[in-house]
Every structure is written in structure tokens, then in C-alpha cells.
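Only one structure is covered here, and it is reproduced in the block below.
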Amino acid sequence: MDISPFLAELHAAVPLIGPSLLAGDFANLEREIRALECAGVRLLHLDIMDGHFVPNLSFGLPVLAAIRRVTSLVLDVHLMIAEPHRYVAAFREAGADLLTVHIETTDQPALLLGEIRRLGAGVGLALSPDTDVSAVEPYLDRCDLVLAMSVMPGFGGQDFRPQSLQRLQFLRAAAGPSVLLSVDGGVNAETIGSCVEAGAQILVVGNGLFSHRDYAQQLSNLNHLARASLASGRVGG
Ligand code: DX5
Ligand code: ZN
């Protein structure tokens with residue numbers, strides 16, 4: 001396993017909650033980040049949307065660069081954008097530690113993943129819930145992270161799709177131990193346990209965290225539920 005120290009740290013820390021800042025207060029991003037740091041978060045999930053690949057817009061390079069200036073948290077950048085090859089270098093330059101692209105946005109996944117590797121970021125590949133899981137299989141050995149969407153990409157606050165659990169099991173079995181498995185969409189106190197049991201290691205949580213007044217308390221609750229599922233020994237199905 002040839003992984004950089006921050007990836008080794010992530011592996012050692014799973015299951016790991018990755019707060020999705022999309023559900024945070026955009027008028028007070030630094031305050032939100034400080035609150036998450038104080039609550040012991042290690043990784044921040046940042047959703048980039050372009051109004052093309054997904055029917056919504058979020059934020060882009062200047063916001064990522066501004067976040068990078070105020071935190072040393074691992075920045076897990078989820079690119080929901082068309083033509084990602086045009087932008088990966090700029091997102092790396094702006095501060096992405098992990099760069100995740102969607103399989104649906106490229107007809108040359110190997111080249112794109114190789115480019116992210118060359119840029120020195122952790123290499124992530126995401127798939128939407130209606131994409132066959134076998135589509136990512138040939139590329140898993142080029143990845144540090146595979147992200148299974150458990151809602152249609154584009155909006156926070158949607159309900160978790162239960163079929164995602166079988167997809168996580170498939171991906172956990174197909175990916176080698178050096179690949180982190182991430183799940184994104186509708187993860188909350190009700191769904192987090194089954195995601196961990198199905199093999200998910202990074203649990204992206206938007207509304208399931210930010211809708212709570214006390215982030216530290218909700219993170220502790222989610223961490224407890226995730227660890228309890230890990231300890232139950234049923235991980236991987
Ligand atoms: C959706 C994004 C998610 C979203 C998750 O396209 O990729 O990261 O913010 O939000 P919740 O947890 O509210 O579903
Ligand atoms: Zn996301």
C-alpha cells in the first residue's frame with residue numbers, strides 16, 4: 001500500500017463522519033468550521049455543483065480556497081461537475097486533499113484518475129445511485145476512495161435509498177483494503193448503522209448533523225452508532 005500519511009491516518013480513524021458543509025450556514029463558514037474542529041471532526045466534505053451535471057449550483061474555487069486558508073482539516077472535495085478534467089488542477093491548487101470525480105462525467109476514467117494522482121491529491125471516484133456498480137470496478141485499483149451516492153446528486157436533505165446498502169457491500173468486496181469506501185446522501189442517526197455494516201468507512205452527513213443545535217453532541221451520537229455497528233462484527237454484509 002503506497003498511501004500518503006493523511007490517507008493512512010484516515011484509514012486508522014474509520015468509521016469517520018465527514019460533515020457536508022452544504023448543509024451549514026454559508027454566512028458563517030469559518031464559525032461552522034471551528035465548531036466542527038472543536039467537536040473533533042477530521043474531514044470536511046465539500047460539494048461542488050455546476051448546474052450541468054447536477055441541477056443545482058453550490059460554490060466553487062474561491063470558496064474552497066477561503067476554507068483552505070482557515071483550516072487544516074482534510075478537505076474531501078466532491079466534484080459534481082461536467083468536464084472535470086478541465087478543473088481538477090485548479091481544485092487541487094485551491095486546497096483539495098481528496099478529489100472525487102463522478103464516473104458518469106468522463107469517458108476516460110483511467111486518464112482522469114491518473115491526472116488526480118499526478119496532482120498529488122487522494123484519488124476518489126463517485127457513482128450515482130442509478131449507475132451500475134460494475135462501471136467503477138475496472139478503476140478501483142487506481143482509487144484511494146470510492147464514493148457511493150445514496151441519493152441522486154444535487155441536493156442535501158433527501159431520503160437515503162435502501163438499495164444503496166447492497167451497492168456498498170458489492171463495492172466493499174470489490175475494492176482492495178487500501179480503498180476507502182464513502183457513502184453520501186441521507187445518512188443520519190437512523191441509517192448510519194446499516195451503512196457501516198454494509199462496509200462504509202466515511203459517512204458523509206449533511207442535514208443529519210447540521211439540523212442539530214449541538215454539533216458535538218450529534219457527532220458523538222453518530223460516532224457511537226457507527227462504532228457500535230462496526231463492533232457488531234457484521235461489517236461487509
Ligand atoms: C448531495 C451531496 C451530499 C449532501 C448530503 O448531492 O453530495 O454531500 O450534501 O446531504 P444530506 O446528508 O443532507 O443528504
Ligand atoms: Zn457530496
Side-chain angles (χ1 to χ4, degrees), residues 10 15-26 29 32-33 36 41 43-60 63-64 67 73-82 84 87-88 91 96-105 121-131 136 143-165 167-168 171 180-196 200-213 215 218-219 221-223 225-226:
L10 293 182
L16 207 58
I17 313 289
S20 164
L21 210 53
L22 191 65
D25 178 358
F26 279 15
L29 286 180
E32 295 283 55
I33 291 165
L36 295 170
V41 159
L43 172 148
L44 206 53
H45 182 88
L46 302 172
D47 290 299
I48 312 296
M49 303 182 183
D50 68 346
H52 291 276
F53 173 57
V54 289
N56 196 10
L57 293 157
S58 57
F59 53 85
V63 173
L64 172 61
I67 291 171
L73 289 176
V74 171
L75 299 182
D76 170 28
V77 175
H78 179 191
L79 293 181
M80 286 165 276
I81 63 174
Y87 302 100
V88 284
F91 277 100
D97 295 306
L98 282 161
L99 258 181
T100 296
V101 290
H102 268 260
I103 186 85
E104 301 85 7
T105 61
V123 179
L125 186 59
L127 72 167
S128 296
D130 55 1
T131 298
V136 297
C143 295
D144 298 312
L145 177 147
V146 60
L147 183 153
M149 291 293 307
S150 37
V151 298
M152 283 305 282
F155 298 91
Q158 304 178 68
D159 286 342
F160 183 83
R161 296 184 173 213
Q163 313 89 292
S164 311
L165 297 174
R167 295 162 63 79
L168 288 169
L171 292 166
L180 289 160
L181 181 57
S182 179
V183 61
D184 183 5
V187 179
N188 55 34
E190 281 70 49
T191 55
I192 195 168
S194 43
C195 290
V196 172
Q201 297 163 305
I202 295 180
L203 297 308
V204 176
V205 184
N207 289 273
L209 172 62
F210 287 95
S211 65
H212 293 254
R213 185 183 285 270
Y215 298 165
Q218 181 61 2
L219 273 163
N221 183 27
L222 292 168
N223 270 313
L225 292 164

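What you see is a predicted model; the values in this text were computed from it and never measured. Atoms within each ligand, like the ligands themselves, are counted from 1 in listed order.
When all heavy atoms of Pro15 and Val196 are compared, the pair lying nearest together is CB-CG2, 4.3 Å. The two residues Ala148 and Leu168 make their nearest non-hydrogen contact at CB-CD2, 3.8 Å. When all heavy atoms of Ile48 and Ile81 are compared, the pair lying nearest together is O-CG2, 3.8 Å. When all heavy atoms of Leu64 and Ala96 are compared, the closest pair comes out as CD2-N, 4.1 Å. Nearest heavy atoms, Asn207 versus Gly156: ND2-C, 3.7 Å. The two residues Phe210 and Pro19 come nearest to each other via the heavy atoms CE1-CB, 4.0 Å.
Taking a cut-off of 2.8 Å, the protein N, O or S atoms nearer than that to the Zn ion (ligand 2) are His45 NE2, Asp47 OD1, His78 ND1, Asp184 OD2.
For Asp50, the salt bridge (Lys or Arg N to Asp or Glu O under 4.0 Å) criterion is met by no residue, not counting sequence neighbours.
Nearest protein neighbour of atom 9 (O) of ligand 1, counting heavy atoms only, is Ser20 OG, 2.9 Å. The protein heavy atom nearest to atom 1 (C) of ligand 1 is Phe155 O, 3.6 Å. For atom 8 (O) of ligand 1, the closest non-hydrogen atom of the protein is Asp184 OD1, 2.7 Å. Of all protein heavy atoms, the one closest to atom 13 (O) of ligand 1 is Asn207 ND2, 2.7 Å.
Considering backbone and side-chain N/O of Gly206, one or more are found under 3.5 Å from N/O of ligand 1. Considering both main-chain and side-chain atoms, Gly208 never comes within under 3.5 Å of ligand 1 through any nitrogen or oxygen pair. For ligand 1, the polar-atom distance check against Gly157 finds a nitrogen or oxygen pair separated by under 3.5 Å.
Atoms of ligand 1 lying under 4.0 Å from any heavy atom of Gly185, numbered from 1 in the order shown and given with element: 14 (O). Of all atoms in ligand 1, numbered sequentially from 1 with element shown, those under 4.0 Å from a heavy atom of Met49 are 6 (O). Taking a cut-off of under 4.0 Å to the non-hydrogen atoms of His45, the atoms of ligand 1 that pass are 8 (O). Every atom of ligand 1 with a heavy atom of His78 under 4.0 Å away is listed here by number and element: 7 (O). Those atoms of ligand 1 with a heavy atom of Leu22 less than 4.0 angstrom away are 9 (O). Each of the atoms 6 (O) of ligand 1 lies under 4.0 Å from some heavy atom of Pro153.
Counting only N and O atoms by type, the side chains of Asp47 and His45 include a donor and acceptor under 3.5 Å apart.
Put simply, the side chain of His78 does not reach to within 4.5 Å of the side chain of Asp76, judged on heavy atoms. Asp184 is not listed as a side-chain neighbour of Ser20, based on a closest heavy-atom distance of 4.5 Å or more. In this structure, the side chains of Val187 and Val204 stay at 4.5 Å or more apart for every pair of heavy atoms.
At a 4.0 Å cut-off, at least one heavy atom of Asp47 sits close enough to ligand 1 to count as contact. Heavy atoms of Gly186 approach ligand 1 to within less than 4.0 angstrom.
Aromatic ring orientation, Phe26 versus Phe59: perpendicular (interplanar angle above 60°, classes split at 30° and 60°).
Among Gly156, Gly154, Gly18, the residue whose heavy atom sits closest to atom 10 (O) of ligand 1 is Gly156.
Between the side chain of Glu32 and the backbone N or O of Asp25, at least one donor-acceptor pair lies under 3.5 Å. Judged by distance alone, with hydrogens and angles left aside, the side-chain atoms of Thr100 form no donor-acceptor pair with the main-chain N or O of Ala126 at under 3.5 Å.
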